[in-house]
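All remarks here apply to the structure that follows.
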Amino acid sequence: MSSNPVAATVASLMPRAKEELTELVAFKSVADFGQFPREESEGAARWIAAALTAEGFQDVALLDTPDGTQSVYGHLPGPEGAKTVLLYAHYDVQPPLDEAGWTTPPFELTERDGRWYGRGAADCKGGVIMHLLALRALKANGGVPVDVKIIVEGSEEQGTGGLERYAEEHPDLLTADTIVIGDAGNFRAGLPTVTTTLRGMTLVRVRVDTLEGNLHSGQFGGAAPDALAALVRVLDSLRAEDGSTTVDGLNGDSAWQGIQYEDEQFRKDAKVLDGVELIGSGTVADRIWARPAVTVLGIDCPPVVGATPSVQASARALISLRVPPGVDAARATELLRAHVESHTPWGARVTTEQIGQGQAFRADPASPAYQAMADAMAVAYPGQEMQYAGQGGSIPLCNTLAALYPKAEILLIGLSEPEAQIHAVNESVSPDELERLSVAEALFLLNYAGQAS
């Protein structure tokens, strides 16, 4: 690959890429301002705006989106009559979870065993660096042959829809012939992959109330209705005996037709403990890409340490439901809320509140841009053929862009291969993947410009 001038340029830029990713990871840019200071996110946004300005982008702006966060926009004009490509990434990150579980500090990029560790290194601050590397390599080898717009979102992980609403209110801003979403990942490290489907998502907060206040479990336990026990019953109703998701009225038997995910490889990637079974039915690919999946994200109840012998008067849970393409997320939300209400025992009072939602997405891999990407990846990953995979996660903006710009081709690539452990402790990025995917994106832009001409 190094004989290719674009690849050689990217290789020479990798030390700079590491320095920049170190600076970007240092921002604690979790877009939940009840947990992390707003200044951390705004600092990351300013860093990206400055980087775009330094690369010659015009109209660089911090967009104040309706959810109270900022997205970063820039425009790099291309040759006269060139096609327009929109590049997407996001700079907000998941909370670090248990910082004690990190081998090295989550907001300090640290090299270990050939990988760079830090929250957001792969998801998706590494995607920002990937876009910059690709454009720099092109500028050093004759120039960028297309008109480039870039949008870097500030609240993707929260699912609060700020950028989607902003795009709908400003439909001309992100118009493009092709959109490259840099927030997916290869099926495994070293295997070039485009993601063709994304599951949608809904987040529902559930509260169960049974008493005016907590009661002594010795004096009242056994007859007094326990809100926490009622909540446990509700949550248990969302899964069948084999662990399959069971939401009344929601289909759960669709099959995945693309690349398959072997059970043992999945166990290794997911770090499933010995002797613990996988849940659900069908193939692994069916379960994570083609079927709904419910996850209890959190429960509000007394911690074990400091707990008192009390019957609980109220309890809350946050439930995530992932839904595959073909299932309307709004309808899935209705079904989930109805299921929770109908399965709440003992006449307990239950309230449900939707706090986030995003539609599933399906791309058209037969479009010309996919051939341009396949040719690019064949150079970046010699001897490997580009694969098509699904992704269980959600990128709500994809459907918004598809609706706003129905003629645009949308491709999803990125750095979140299984070893990256995104959303978990010890998230990391492979510098080899960063380098190769930056080469692939640069060559894709060249190929795509050639198609257009």
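Keep in mind that what you see is a predicted model, and the values were worked out from it rather than measured.
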Can you name the closest pair of heavy atoms from [X] and [Y] and give their distance?
X    : Y    : answer
S237 : H339 : OG-NE2, 3.0 Å
S438 : V10  : CB-CG1, 4.1 Å
A329 : G358 : CB-O, 3.4 Å
Q384 : P192 : CB-CD, 3.5 Å
R199 : W289 : CG-O, 3.9 Å
P365 : Y370 : O-CB, 3.3 Å

Can the ring centroids of Y91 and F27 be said to lie less than 6.0 angstrom from one another?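 Not under 6.0 Å, so no.
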Using a 3.5 Å cut-off and no angle test, enumerate the donor-acceptor pairs between side-chain atoms of residues 316-325 and protein atoms at least two apart in sequence or in another chain.
unit_1	atom_1	unit_2	atom_2	d
R316	NE	D300	OD2	2.9
R316	NH2	D300	OD2	2.6
R322	NH1	S394	OG	2.9

With a 4.0 Å cut-off, would you call R46 and E39 a salt bridge?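 Between E39 and R46 there is a salt bridge, with a charged N closer than 4.0 Å to a carboxylate O.
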Step by step, work out the salt bridge (charged side-chain N to carboxylate O under 4.0 Å, His left out) result for E353 and R205. CA-CA 5 Å; E353 177 188 6; R205 185 182 289 135; 3.2 Å; yes
Angle between ring planes, Y88 versus H90, binned at 30° and 60°: parallel, tilted or perpendicular?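 Y88 vs H90 ring planes: tilted.
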What residue among I422, I129, D183 forms side chain to side chain contact (heavy atoms under 4.5 Å, CB included) with C124?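 The residue from I422, I129, D183 that satisfies side chain to side chain contact (heavy atoms under 4.5 Å, CB included) with C124 turns out to be D183.
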Can you check salt bridge (charged side-chain N to carboxylate O under 4.0 Å, His left out) on R16 and E19, steps first, answer last? CA-CA 5 Å; R16 179 182 178 186; E19 292 176 0; over 6 Å; no
